[in-house]
Structure formats: C-alpha cells, structure tokens
Amino acid sequence: MPACCSCSDVFQYETNKVIRIQSRNYGSIKWILHMVVFSYVSFALLSDKLYQLKEPLISSVHTKVKGIAEVKEELIENGQKKVTEKVFDTADYTFPLQGNSFFVMTNFLKTEGQVQGLCPEQPSRRTICNTDRNCKKGWMDPQSKGIQTGKCVVYKGTQKTCEVSAWCPTETVQEPPRPALLNVAENFTVLIKNNIDFPGHNYTTRNIFPGLNITCTFHKTRDPQCPVFRLGDIFQETGDNFSEVAIQGGIMGIEIYWDCNLDKWFHRCRPKYSFRRLDDKNTKESFYPGYNFRYAKYYKENNVEKRTLIKVFGIRFDILVFGTGGKFNFIKLIVNIGSTLSYFGLATFFIDFLINTYSSKCCRSRIYPCCKCCEPCAVNEYYYEKKCESIMEPKSTLKYVSFVDEPHISMVDQQLLRRSLQNVEGEEIPRPPMDFAELSRLPLSVHKPPHISEHQEELELLGKTGSPEWCQCGSCLPSELPEESRCMEELCCRKAQGPCITNSPLFRRIVLSKDVLQFLLLYKEPLLTVDGNFTNSQLRHCAYRCYTTWRFGSKDLADFAILPSCCRWKIRREFPKSDGQYSGFKNNY
Ligand code: GDP
Ligand code: ZN
Ligand code: ZN
C-alpha cells in the first residue's frame, strides 16, 4: 500500500485485478483441486476435532496389590541347611513409594543376625591383604561395608582381608536366587484407582465407573476397561518374561491415556491402558541390571541390637496418566478454518505452474516434438502473455535499437558503449505486439497518395558522397555530435546490407506526412496553433516520435529508442532547422 499523503488516501481500498481464463481443462483442474482440498480440510477438521478447545488433565492415583505367595527359604542353622516355607502377604512384598508408583518384591537376599562389631571385609581387589600394612586405620570408601581398623585378618582358609568395624558378619556378594523366590507374584493383581480432573472444562471423572464388576481382570480386548491388572499379563503385553525379570527386578510403566470428548452430543471419556518396559531390557549388557534396594529389620536379642539385612529385588510399576479433554469452541473453529483457507491457493499455484512450464520456448521442441501436439504450448503461451507483463529496470543508460531485418529489439547499455552502436551486440527483447486499434487512428495518410520526395537531389548528393563504413543501407550520414558521444548516433536501419527503411512507402506515409504530424500534434493539444501551422521543430520532433512508436511499439521503449542515422537525417531534411545545428538525442531522465 502506498504511503498516505492526504486524508482521502485513508478511504481507499486496494484489491487485486485478476485474469479469468476461459478453459475447460484448467477449470476442471481448479474444481478437482478445490474438492480435494475441501474434503481434506473437512476430514482433518472432524477427525482431529480441530473445532475443540483441548485442555490438559490433572490426576491422582491410588493402587492396591493383592496376592499370597509361599516362599521356600534356605537357612543355615548350627551348620545345617534347613528349608522353611513361609507365606508372604501384601505387607511383606509391597513397599510404600513416593509418587504414582508401587513396588512388588520378587526376589531377595538375606543376611541375618548382624551385630555391631569387628570382622573381615568381603574379599575384593581393594580389601585383600597380606599384612597389616596393606590396611589403613580409619579408611573407608563408599563401596566398603565399614571402617578399616588397620588389621589384616583371616577371612576364610588362607585368604586374608582387612578388618572393619561394621555390622558383622558383612553381607556376602552373591547372585540373586534363580528362579526368583516370589515367582508366583506373576499371579498377583493390582487395582488402580485413577481420578482425573479437567480444570479448564470443570469436569471430573474416574476410571472405576458405577456398575463396573470389580472382580474382573484386565484384558486388552475382552475387558479393556477393567482396572484390575494381573502382573503376569502386564509383562505379556510388552512381550517380556515375568520369571526372567523377577530375578533381577525391573521397572514397568502403566500408561493411562484419557482422550475425552466432552461435547454433549458425542460425550465419551474412558481411559485407555497400555504398558511399557522402562528399564534396560537387556540385563546382560547393562551396567547395574534390574532394580533393587536394601532395607533392614532391627530387633534385640539378649539386650544386643541385631538386624536382618535384606537386599530386595522387585518390580517398580510407574503409573503415567496423560491425555486431553476437548470441548467445542467457536473461536477455535474459526481459527482453524482460517488457517486451512490458504490451501485453496493450491489450485492457483498448480495451474500457474502448468502455464509457466508449458509456455516456455523449449516446451515445443522438448515435450512435444511433433508440430501437431504443440497446441498446448501455443495456448499456454497465449495465457502467459496475457498474464505476465515484464518491465525493465528504469535505467537512463539503457537504449533500444531496432533493425528492419531483425525480428526483435536490442537493448544496449549506453555506459558500456565503446564503438559505434551499429556493431554492439545487445540483449534481445521481444517486439511488443502490434496494436491495430492504435494504427487505425492514423487513416489519413494511408488513404492519401504517397508524397513524392522533393529532396531527390539530396539523396543523389548523398549517394555521391558515400555513406560511413558502418552503414548497411547506403543512406546514413556521419554523426555531427562531438567525438565522445558520436558512437550513439552511428546506427543504421539495417544489420545486413539491403534497401533502406526510408525508401519504404510506409515511412513516407507514417513519419514524413505533414498531414499526419499536424493531426497528431493537434490531437494532443487542440489549441496549439490557431491557424494550424506548426513550426518545423514541432513537426520534426513529432516525426521522431512517430518513427519510434511505429518501430518500437510500447511507450516505455519508444522513449529510449535510438533513431537510425538515415531516418534521423531524412526527417531533418524534410523539416529542417534554419541554422542546421541539431542538438540530437537528450536523455529525459
Ligand atoms: P533540436 O530540435 O535542435 O533540439 O534537435 P533534434 O532535431 O535532434 O531534436 C532533439 C529532440 O528530439 C530531443 O527532444 C530528443 O530527445 C529527440 N530525439 C533526437 N534523437 C532522438 C532519438 O534517437 N531517439 C529519441 N527517442 N528521441 C530523439
Ligand atoms: Zn544506413
Ligand atoms: Zn537506412
């Protein structure tokens, strides 16, 4: 939009001018593309519910694990191995955890009867010693079980390790039992209670609906809404083996996804459960495989504080609740429709692309080698011509030259001109199409019989003196301009040798006809002269103009067109100046 200069500029509206192409093919393409876009936009709008305002949820989770397990424990009592059977219930194998998680113990290692005292460390690269000098009093590191006393004592047989002040006997380094002690935890069930709230929509619900049979067990297809899950089934869903994971422990994610449609007419708000293994699946490759932690049970025996250290392996279940609730929103609908409107421009883009591609010059030769099939190219070329108006950079140094024996116009940069204009190779630009309507305004001269030259003797004189070497028509004269700007006027009407354009009967009728020139001058300014007689200068300048308009067509080109020397002098001779000093071409810029 142009800058506002006055108040009236504010009250205006600019719109685009368009070209309507009457074409069955392009019309069909347009409608097909519009239909495709419309279908896609409507489909996307409905399927993705883009008309809804989506809000995130907040949730709370509560879990209850149920199940009984019988565990065979090996105890060494008075040097003898003894197997005892113990029943584990919920309190034994679940531990309270922070956040939306629960833990089920599947395996453990026990170190019983530990008391505070002095005993040898477990043998390792850091603790094995030969003499007391290998041990350092007061030394402790995060890996050790206690504080070193500085002594090197016998651990077992001939093996010696540093003595530590710790809970004794220290925990032995050993692999968790195989199969896992609580392998039956596979059959345990967990009830998940999940309450959700969409604060944006002021809507609350939960995953246990009234009338739901609480004795059910979740199954992906048979009972997908049941909130009671069998632990073994969860692992089956993710393709893991429960017994394998039970040995070292692991982490499993239970995802509850709420995709709620809160519109009255399509109301639906049910959770979707899915499962995902969250720890390293490949226990062999990982650094610290599985999931475990230690805890201790403290007691007093004969007034001595003792403890049982238990390294617990198990599965932590993390419950992840997410989702959105959508409700119809008018603003959302408008915004989304607005953002899809631009897709309707696809038809314009595509058809313009076709027109541009199939109108190029190479189209005919490359795509349609036979002449009969060139028709699409010709049609597109026509559309392209109508559609596209190219304009040159308005540079005062650009000049246009036209030769009678060449179909195009040449564009020359005056700044780069070093030799006569005749010999410079310019950039080719197409000649503007002839406008017959304009031409019909000049009927006068065309009906008049051709005017016979009164200056025939001058022509003969010219023939005698000879034309300059750059002239091809034999009618040009050397330029009268100073040396430095002379090359601008060293231009013939032809590129190759042949007859001069000034000899054409049309030249006389269009350019030299006094009637036409007078008519044109009056047409422009009706009151220019009272008696209808114009000065030679007026007629001459108008004749220059007639020639350039005739040969160059468009006004843009005519203003910067250079007259060939033969035409210039022919005109000057017809309408001479009394002193014979002509100023020549002046730049209008
Ligand atoms: P003058 O009448 O003494 O000024 O000299 P001329 O007969 O050379 O006319 C000069 C006028 O004609 C100036 O306005 C020029 O712009 C115009 N004129 C002269 N030569 C050319 C030419 O080659 N091309 C164009 N487009 N205009 C020209
Ligand atoms: Zn010539
Ligand atoms: Zn000529």
Side-chain angles (χ1 to χ4, degrees), residues 392 394-406 409-412 414 417 420-424 426 432 453 455 458-459 461-482 485-508 510-512 517 520-521 524 534-589:
M392 293 293 156
K395 232 166 127 186
S396 61
T397 56
L398 284 184
K399 296 287 175 282
Y400 300 96
V401 173
S402 161
F403 295 107
V404 229
D405 48 352
E406 277 185 356
I409 291 173
S410 300
M411 187 173 72
V412 180
Q414 190 183 338
L417 207 61
S420 62
L421 196 53
Q422 175 74 21
N423 301 324
V424 176
S453 171
H455 304 276
E458 276 181 44
L459 272 179
L461 188 85
L462 183 77
K464 276 176 210 141
T465 44
S467 51
E469 41 94 23
W470 43 263
C471 174
Q472 302 293 333
C473 68
S475 305
C476 295
L477 288 179
S479 172
E480 285 186 343
L481 290 180
S485 50
R486 186 165 293 172
C487 48
M488 274 295 287
E489 283 196 356
E490 292 181 342
L491 177 70
C492 184
C493 62
R494 314 184 51 92
K495 194 78 186 170
Q497 270 197 341
C500 180
I501 189 169
T502 55
N503 294 337
S504 151
L506 216 62
F507 185 84
R508 181 144 290 284
I510 295 178
V511 183
L512 297 183
L517 298 175
L520 288 174
L521 286 166
K524 213 166 143 197
F534 292 93
T535 62
N536 264 359
S537 277
Q538 284 170 322
L539 292 168
R540 189 170 62 248
H541 295 171
C542 187
Y544 293 154
R545 186 86 208 159
C546 276
Y547 177 82
T548 49
T549 315
W550 171 34
R551 298 300 302 155
F552 294 86
S554 96
K555 182 185 177 308
D556 300 338
L557 301 185
D559 283 346
F560 299 98
I562 302 293
L563 269 89
S565 175
C566 47
C567 303
R568 184 189 303 278
W569 284 107
K570 185 92 184 174
I571 295 168
R572 283 179 183 173
R573 253 180 254 122
E574 193 79 22
F575 310 106
K577 208 171 174 179
S578 52
D579 61 356
Q581 295 294 309
Y582 300 98
S583 58
F585 185 54
K586 283 183 234 104
N587 276 330
N588 293 342
Y589 278 89

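In this text, all values refer to a predicted model and were calculated from it rather than measured experimentally. Remember, it's 1-based here, ligands and their atoms both numbered in the order they're listed.
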> Residues in side-chain contact (heavy atoms from CB on, under 4.5 Å) with Gln497, at least two apart?
Replying inline: Gln472
> Quick one: does Tyr582 get an N or O within less than 3.5 Å of an N or O on ligand 1?
Replying inline: no
>> Strictly distance-based, threshold 3.5 Å: is any side-chain N or O of Arg494 a donor or acceptor partner for the main-chain N or O of Cys473?
In response: no
> Atoms of ligand 1 less than 4.0 Å from Ala558 heavy atoms?
Replying inline: 26 (N)
> Which residues and atoms, counting only protein N, O or S, are under 2.8 Å from the Zn ion (ligand 3)?
Replying inline: Cys473 SG, Cys493 SG, Cys500 SG, Cys566 SG
>> Here's a test for you: under side chain to side chain contact (heavy atoms under 4.5 Å, CB included), which of Ser565, Ser402, Cys471, Cys500 qualifies with Cys493?
In response: Cys500
>> Between Lys495 and Asp405, does any side-chain N to carboxylate O distance fall below 4.0 Å?
In response: no
> If you measure from each heavy atom of Arg568 to ligand 1, is any distance below 4.0 Å?
Replying inline: yes
> Can Asp559 and Arg545 be counted as an ion pair, charged N to O under 4.0 angstrom?
Replying inline: yes
>> Test side-chain contact (heavy atoms from CB on, under 4.5 Å) on Arg551 and Phe507; report intermediate values, then the result.
In response: CA-CA 10 Å; Arg551 298 300 302 155; Phe507 185 84; over 6 Å; no
> What is the ring orientation for Tyr547 with Trp550, classed by angle as parallel under 30°, tilted 30 to 60°, or perpendicular over 60°?
Replying inline: perpendicular
> Applying a strict 4.0 Å limit to heavy atoms, is Glu489 in contact with ligand 1?
Replying inline: no
> Which atoms from ligand 1 have a heavy atom of Ile562 less than 4.0 Å away?
Replying inline: 23 (O)
> Should you measure from each heavy atom of Lys577, which atoms of ligand 1 turn up under 4.0 Å away?
Replying inline: 1 (P), 3 (O)
> N/O of Arg540 under 3.5 Å from N/O of ligand 1, yes or no?
Replying inline: yes
>> A side-chain contact here means heavy atoms from C-beta on lying under 4.5 Å apart; do Val511 and Glu574 qualify?
In response: no
> Are any side-chain N or O atoms of Asn536 and backbone N or O atoms of Lys577, one a donor and one an acceptor, separated by less than 3.5 Å?
Replying inline: no
> Would you say ligand 1 has an N or O under 3.5 Å from any N or O of Ala561?
Replying inline: yes
> Rounded to the nearest 0.5 Å, what separation is found between the CG atom of Leu517 and the CZ atom of Arg540?
Replying inline: 12.0 Å
> So is there a nitrogen or oxygen of Phe560 less than 3.5 Å from a nitrogen or oxygen in ligand 1?
Replying inline: no
>> Does any part of the side chain of Phe560, heavy atoms only, come nearer than 4.5 Å to the side chain of Phe552, both counted from C-beta?
In response: no
> Counting each atom of ligand 1 from 1 as listed, which ones have a heavy atom of Gly584 under 4.0 Å away?
Replying inline: 5 (O), 6 (P), 8 (O), 10 (C), 13 (C), 15 (C), 19 (C)
> Is any N or O atom of His541, backbone or side chain, closer than 3.5 Å to an N or O atom of ligand 1?
Replying inline: yes
